[in-house]
Amino acid sequence: MKNIILIGFMGVGKGSVAREVIKHSEYIALDTDDLIESMENRKIKKIFQEDGEKYFRNIEKKVAHWLKTSIKNTLISTGGGFFKQKGIKDVGIIVLLDSPFEEIIKRIKEHPNAVKKIKKRPLLNDMRLAKKLYDERRPEYLEVADVVIDVTNKSAYDCAKELLKKVKEHA
Ligand code: S3P
């Protein structure tokens with residue numbers, strides 16, 4: 001079993017799909033944002049506020065190196081910008097969760113904790129800039145992905161099933 005690296009834009013549902021995958025497979029899961037928050041003992045939002053995005057990307061770099069050298073048989077959920085880390089292709093199979101920007105925002109807004117979900121993501125606070133970031137990143141996500149899953153209007157369970165099937169076919 002190779003690692004699976006889940007990539008995709010903020011709010012696309014990486015966490016929800018990861019939880020379903022581990023329920024229905026032998027994989028265990030890691031989340032790069034959770035790792036960073038425990039390394040730093042502060043929230044991502046605080047890290048951005050206090051030390052800026054560049055500082056955050058440097059910690060992502062450390063995490064990417066650690067994943068590459070030390071982690072196996074794991075489903076790794078990543079923050080929306082993690083895919084840019086060099087060497088990510090060597091960590092495992094890259095699975096992109098894909099959906100149009102409007103659908104992603106709709107999904108977040110329908111969540112009972114919508115305000116909190118938006119507030120905790122510094123790069124989602126300005127919707128115009130977030131859309132710009134999405135448009136820049138979408139082709140880059142597609143370029144790096146080994147497997148693409150269109151998650152629009154699908155349950156996390158259905159996405160997880162599709163993911164496991166496609167990863168098996170890819171191996
Ligand atoms: C980021 C996405 C966030 C988090 C940070 C930066 C990004 O993770 O890593 O706020 O650059 O897209 P989620 O994709 O889990 O929201």
Side-chain angles (χ1 to χ4, degrees), residues 3-22 29-68 71 74-88 91-92 94-145 147-152 156 159-160 163:
N3 292 321
I4 299 173
I5 302 114
L6 267 189
I7 66 165
F9 202 68
M10 294 171 271
V12 78
K14 289 165 288 185
S16 314
V17 173
R19 283 186 285 279
E20 287 299 323
V21 172
I22 57 168
L30 270 183
D31 179 303
T32 59
D33 281 346
D34 290 349
L35 279 170
I36 292 171
E37 288 188 343
S38 54
M39 282 162 77
E40 290 277 315
N41 193 28
R42 53 185 174 152
K43 297 285 180 197
I44 303 289
K45 189 180 163 191
K46 262 266 157 80
I47 301 175
F48 269 72
Q49 274 170 357
E50 293 174 353
D51 291 300
E53 182 173 348
K54 201 162 167 226
Y55 178 90
F56 174 77
R57 300 298 173 201
N58 262 323
I59 318 173
E60 284 194 323
K61 189 172 165 189
K62 268 197 208 170
V63 171
H65 178 75
W66 176 73
L67 292 172
K68 195 168 112 183
I71 296 300
T74 299
L75 173 76
I76 303 159
S77 305
T78 64
F82 193 86
F83 75 106
K84 289 199 180 225
Q85 291 301 327
K86 275 203 197 84
I88 190 170
V91 180
I94 317 253
V95 177
L96 169 66
L97 301 189
D98 188 38
S99 194
F101 181 75
E102 293 68 25
E103 293 294 330
I104 295 175
I105 300 307
K106 197 172 117 208
R107 179 179 177 276
I108 299 180
K109 288 192 168 159
E110 278 167 1
H111 197 278
N113 272 332
V115 175
K116 210 170 145 203
K117 287 205 164 269
I118 293 174
K119 269 200 173 156
K120 75 169 200 180
R121 294 177 160 101
L123 301 177
L124 261 193
N125 287 344
D126 178 331
M127 279 300 154
R128 205 180 47 85
L129 289 179
K131 166 79 169 106
K132 190 166 166 271
L133 187 63
Y134 176 91
D135 289 340
E136 275 167 26
R137 278 186 185 168
R138 173 112 199 296
E140 300 171 351
Y141 283 135
L142 289 167
E143 169 93 31
V144 81
V147 167
V148 180
I149 298 180
D150 179 358
V151 302
T152 314
C159 296
L163 180 152

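Positions are given from 1 along the sequence. Each ligand, and each atom within it, is numbered from 1 in the order the structure gives.
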Worksheet item: So which heavy atom in the protein is nearest atom 1 (C) of ligand 1, and how far is it from that ligand atom?
Response: G80 N, 3.8 Å
Worksheet item: Which residue and non-hydrogen atom of the protein lie closest to atom 12 (O) of ligand 1, and at what distance in Å?
Response: R137 NH1, 2.7 Å
I'd like to check which ligand 1 atoms, numbered from 1 as shown, lie under 4.0 Å from a non-hydrogen atom of [X].
X: P122; value: 10 (O)
X: G81; value: 7 (C), 11 (O), 12 (O)
X: K14; value: 13 (P), 14 (O), 15 (O)
X: R121; value: 13 (P), 15 (O), 16 (O)

Worksheet item: If you look only at pairs with a residue in residues 33-45, which of them pass as a side-chain hydrogen bond (donor to acceptor under 3.5 Å, both in side chains), with sequence neighbours excluded?
Response: E40-R42, E40-Y55, R42-E50, R42-D51
Fill in: Among M10, R57, K43, closest by any non-hydrogen atom to atom 11 (O) of ligand 1
R57
Discussion item. Judged on heavy-atom distance to atom 9 (O) of ligand 1, which of L6, V12, D33 sits nearest?
Written reply: D33
Measure [X] to ligand 1 on non-hydrogen atoms and call it side chain, backbone, both or neither using the 4.0 Å cut-off.
X: E37; answer: neither
X: F82; answer: neither
X: E53; answer: neither
X: L123; answer: side chain

Worksheet entry | Short side-chain to backbone donor-acceptor contact, T32 and G79, under 3.5 Å | yes
Worksheet entry | Under 3.5 Å donor-acceptor, D98 side chain and D150 backbone | no
Worksheet item: Looking at residues at least two apart in the chain, or sitting in another chain, which of them share a side-chain hydrogen bond (donor to acceptor under 3.5 Å, both in side chains) with R19?
Response: none
Practice prompt. Check the pair E140 / R137 against salt bridge (charged side-chain N to carboxylate O under 4.0 Å, His left out), numbers first and verdict last.
Written response: CA-CA 5 Å; E140 300 171 351; R137 278 186 185 168; 5.6 Å; no
What do you reckon, does [X] have a nitrogen or oxygen under 3.5 Å from a nitrogen or oxygen of ligand 1?
X: E60; value: no
X: I44; value: no
X: T78; value: no

Worksheet item: Measuring from I5:CD1 to T78:OG1, what's the distance to the nearest 0.5 Å?
Response: 8.5 Å
Fill in: K131 atom NZ, neighbour heavy-atom count above 12 within 6.0 Å
yes
Discussion item. Quick check on E136: does its CD atom have over 12 non-hydrogen neighbours (other residues, nucleotides or ligands) under 6.0 Å away?
Written reply: yes
Worksheet item: If we ignore angles and hydrogens, is there a donor and acceptor under 3.5 Å between the side chains of S99 and T152?
Response: yes
Worksheet item: Any idea how F9 and Y141 line up, ring-wise: parallel (<30°), tilted (30 to 60°), or perpendicular (>60°)?
Response: perpendicular
Discussion item. Taking a cutoff of less than 4.0 Å between a non-hydrogen atom of the residue and any ligand atom, is K120 in contact with ligand 1?
Written reply: no
